[in-house]
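One structure below.
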Amino acid sequence: MAQASGLMNGKRGVIMGVANNRSIAWGIAKALAEAGAEIALTWQGDALKKRVEPLAQELGAFMAGHCDVTDLATIDAVFSALEEKWGKIDFVVHAIAFSDKDELTGRYLDTSRDNFARTMDISVYSFTAVAARADRVMNDGGSILTLTYYGAEKVMPHYNVMGVAKAALEASVRYLAVDLGNRGIRVNAISAGPIKTLAASGIGDFRYILKWNEYNAPLKRTVSIEEVGNSALYLLSDLSSGVTGEVHHVDSGYHTVGMKAVDAPDISVLKD
Ligand SMILES: NC(=O)c1ccc[n+]([C@@H]2O[C@H](COP(=O)([O-])OP(=O)(O)OC[C@H]3O[C@@H](n4cnc5c(N)ncnc54)[C@H](O)[C@@H]3O)[C@@H](O)[C@H]2O)c1
């Protein structure tokens with residue numbers, strides 16, 4: 001992406017949700033760093049800190065702190081650390097979601113109240129909580145991005161309560177875009193196609209979902225974290241200065257098709 005070099009010069013921001021080098025957030029971090037951004041990373045707990053630390057070193061990123069979004073004080077602490085280090089920031093990436101994997105299989109109907117509330121808290125409310133804190137330390141004209149999935153729009157096998165959460169997350173993007181628009185701050189989402197990450201491994205029959213996308217998407221393949229990163233670079237840079245409240249699909253075009261492709265094999269569920 002040599003043509004992107006310098007696009008993010010002078011811009012600073014935080015990327016929340018790197019767990020390892022397969023995380024979508026890591027694909028975004030690499031694209032932004034390559035384009036000249038100064039980056040801060042957060043981590044969830046000591047176990048992940050060990051994985052995130054060497055990745056941060058690779059990009060010269062600032063380790064902004066432990067953040068478990070169920071504990072709002074940890075979000076406050078991260079934004080205080082960013083303010084202390086940089087004063088103001090220009091972008092925030094929220095790549096955080098969680099649901100009990102026992103409920104990411106079978107019927108949506110069987111979702112428990114506890115897991116429904118926890119899934120919504122971690123995967124939806126946290127975005128609003130982060131945006132509220134970002135508002136206080138963000139330069140006018142900043143950009144905020146979250147990650148969603150097509151299961152928000154259409155029923156996907158096993159996605160269940162996470163689909164309901166992503167629908168609410170996408171609605172949050174639109175409401176936050178209005179709340180922050182008067183300062184020129186933009187709020188968007190990338191709807192990524194399926195990618196094999198730690199979070200995705202909790203979803204039932206995920207290999208089948210990957211294969212189905214590969215056979216039926218217009219581009220006849222799945223997407224990489226680098227491709228999501230490059231689209232994130234557009235949404236976080238001034239190239240997209242007229243774009244807000246948008247859900248941008250980076251899914252090899254899968255969301256445009258209505259049926260199995262005529263030339264696609266009629267596969268059945270694949271077991272690991
Ligand atoms: N992988 C896919 O197929 C796919 C497709 C579309 C959208 N997404 C979305 O992309 C985002 C990133 O997921 P990923 O696939 O890169 O997986 P990942 O496992 O690499 O990242 C998920 C991140 O969420 C964080 N997280 C979970 N609970 C948290 C909490 N309580 N507090 C703070 N952080 C918490 C984890 O620490 C981890 O860093 C998620 O929102 C996911 O729903 C993923």
Side-chain angles (χ1 to χ4, degrees), residues 14-30 41-52 55-56 64-75 77-78 93-101 104 115 117-127 129-130 145-154 156 158-170 172-173 189-214 217 222-229 231-232 247-252 254-255:
V14 62
I15 299 176
M16 313 174 81
V18 175
N20 54 42
N21 63 2
R22 290 158 74 155
S23 294
I24 292 175
W26 176 241
I28 297 174
K30 284 191 296 181
L41 300 179
T42 62
W43 63 90
Q44 184 196 7
D46 287 342
L48 287 183
K49 184 180 184 188
K50 289 197 193 89
R51 293 195 176 268
V52 175
L55 295 174
H66 154 71
C67 180
D68 183 325
V69 294
T70 60
D71 177 0
L72 293 179
T74 66
I75 310 181
V78 162
V93 176
H94 170 277
I96 292 172
F98 178 82
S99 187
D100 181 347
K101 86 185 215 331
L104 293 176
N115 185 48
R118 195 170 157 73
T119 303
M120 294 296 275
D121 185 30
I122 296 176
S123 315
V124 185
Y125 178 69
S126 68
F127 184 53
V130 164
L145 181 70
T146 189
L147 271 300
T148 184
Y149 178 57
Y150 191 45
E153 300 169 62
K154 302 284 179 192
M156 289 296 187
H158 309 303
Y159 206 56
N160 296 351
V161 63
M162 192 55 88
V164 175
K166 291 300 193 192
L169 181 70
E170 292 181 13
S172 306
V173 166
I190 285 180
S191 184
I195 300 175
K196 206 167 187 317
T197 62
L198 197 60
S201 64
I203 300 165
D205 296 329
F206 193 71
R207 272 188 65 206
Y208 169 68
I209 294 168
L210 275 174
K211 268 285 168 212
W212 185 268
N213 275 258
E214 186 184 318
T222 54
V223 294
S224 66
I225 61 169
E226 286 75 19
E227 287 177 306
V228 176
S231 296
V247 177
H248 178 63
H249 294 84
V250 182
D251 64 350
S252 295
Y254 182 80
H255 69 289

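Ligands are counted one by one from 1 in listed order, and the atoms in each one are counted from 1 as well.
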Of [options], which has the heavy atom at the shortest distance from [atom]?
atom	options	result
atom 33 (C) of ligand 1	G193, A97, C67	C67
atom 22 (C) of ligand 1	S23, A19, A95	A95
atom 7 (C) of ligand 1	T74, T148, L147	T148
atom 34 (N) of ligand 1	V228, I209, D71, I96	I96

Considering only heavy atoms from C-beta outward, does the side chain of [X] approach that of [Y] to under 4.5 Å?
X	Y	value
N213	D251	no
I28	L147	yes
H158	D205	yes
I190	I24	no

Quick check on contacts: which atoms of ligand 1 are under 4.0 angstrom from a heavy atom of [X]?
X	result
V18	39 (O)
A200	1 (N)
L48	37 (O)
D68	30 (C), 31 (N), 32 (N), 33 (C)
T197	1 (N), 14 (P), 15 (O), 16 (O), 17 (O)
G17	21 (O), 23 (C), 38 (C), 39 (O)

Could an N or O of ligand 1 be found under 3.5 Å from any N or O of [X], whether backbone or side chain?
X	answer
A25	no
A192	no
Y159	no
P194	no

How close do [X] and [Y] get, heavy atom to heavy atom, and via which atoms?
X	Y	answer
W26	N21	CD1-O, 3.3 Å
T74	D68	OG1-O, 2.9 Å
S123	L169	O-CD1, 3.6 Å

Fill in the blank from the handout: Value for NE2 (H255) from OG (S191), rounded to nearest 0.5 Å, stands at 8.0 Å

Handout entry: Protein heavy atom at shortest distance from atom 30 (C) of ligand 1
Key = Q44 NE2, 3.4 Å

Problem - Nearest protein heavy atom with distance in Å, relative to atom 1 (N) of ligand 1 - result: I195 O, 2.9 Å

Exercise for the section: Assess F206 for proximity to ligand 1: is some non-hydrogen atom of it under 4.0 Å away? Expected result: yes

Handout entry: Whether K166 lies under 4.0 Å from ligand 1, heavy atom
Key = yes

Exercise for the section: Anything under 30° is parallel, anything over 60° is perpendicular, the rest tilted; go ahead and classify Y159 against Y149. Expected result: perpendicular

Problem - Within reach of ligand 1, part of I122 (heavy-atom separation under 4.0 Å) - result: side chain

Handout entry: Heavy-atom donor-acceptor pair, D46 side chain to K49 backbone, under 3.5 Å
Key = no

Problem - N115 (side chain) donor-acceptor with D100 (main chain) under 3.5 angstrom - result: yes

